[in-house]
**Q** 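Quick one: the structure is below, questions incoming.
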Amino acid sequence: MTAASSPNPHSLFDQELCGLVLDTAPRLFAVVQVDGDDADGWVVAWGLANDDGPTHLISLDGHTRMNLASPERAVRHFTGRPGITARLVWLAQPGTATLDDQPQAA
């Protein structure tokens, strides 16, 4: 993964910050439910998985939030209805990061 170059005079520091973000970014995934005959599927939740910590999940309607030990445990919460299975779909890891133009003061 690489940090995008910045026209900012602090470009070396900006690149280091972007590299830090890329190195610590959680992986993004969706939990999808699939009709038993693979004729239909839909997203039921989005999650963030950390390499060394819990997985955070929120249902698409926002009513269910979970902290789980792993993304695979999320699938268990969305299976059980007859003819419906659940699967994880991982988004590709980002390869670049860029900073906003101006830092915001607190």
**Q** Is there a side chain to side chain contact (heavy atoms under 4.5 Å, CB included) between Thr55 and Asn67? Walk through the geometry before answering.
**A** CA-CA 6 Å; Thr55 294; Asn67 291 320; over 6 Å; no
**Q** Looking at side-chain heavy atoms only, is the closest gap between Glu72 and Leu88 below 4.5 Å?
**A** yes
**Q** Quick check on the hydrophobic clustering: are Leu91 and Val34 connected, directly or via other members, by side-chain heavy-atom contacts under 4.5 Å?
**A** yes
**Q** Could you walk me through whether Arg81 and Gln33 pass the side chain to side chain contact (heavy atoms under 4.5 Å, CB included) check?
**A** CA-CA 10 Å; Arg81 288 180 34 204; Gln33 287 182 324; 4.1 Å; yes
**Q** Taking all non-hydrogen atoms of both residues, which atom of Ala86 and which atom of Val75 are closest, and how far apart?
**A** O-CG1, 3.3 Å
**Q** Donor-acceptor pairs are to be reported for all side-chain atoms of residues 45-52 against protein atoms at under 3.5 Å, with residues two or more places apart or in another chain.
**A**
| from | atom 1 | to | atom 2 | distance (Å) |
| --- | --- | --- | --- | --- |
| Asn50 | ND2 | Pro54 | O | 3.3 |

**Q** Can you tell me how far CZ of Arg76 sits from OG of Ser70, rounded to the nearest 0.5 angstrom?
**A** 6.5 Å
**Q** Looking only at non-hydrogen atoms, find the nearest pair between Ile84 and Asp35 and report the distance.
**A** CD1-CA, 4.1 Å
**Q** Heavy-atom distance under 4.5 Å between the side chains of Val43 and Leu60, does that happen here?
**A** yes
**Q** Taking only residues two or more places apart in sequence, or in another chain, which ones meet Phe29 in a ring pair (Phe, Tyr, Trp, His ring centres under 6.0 Å)?
**A** Trp90
**Q** Does the side chain of Met66 reach to within under 4.5 Å of the side chain of Arg73, using non-hydrogen atoms?
**A** no
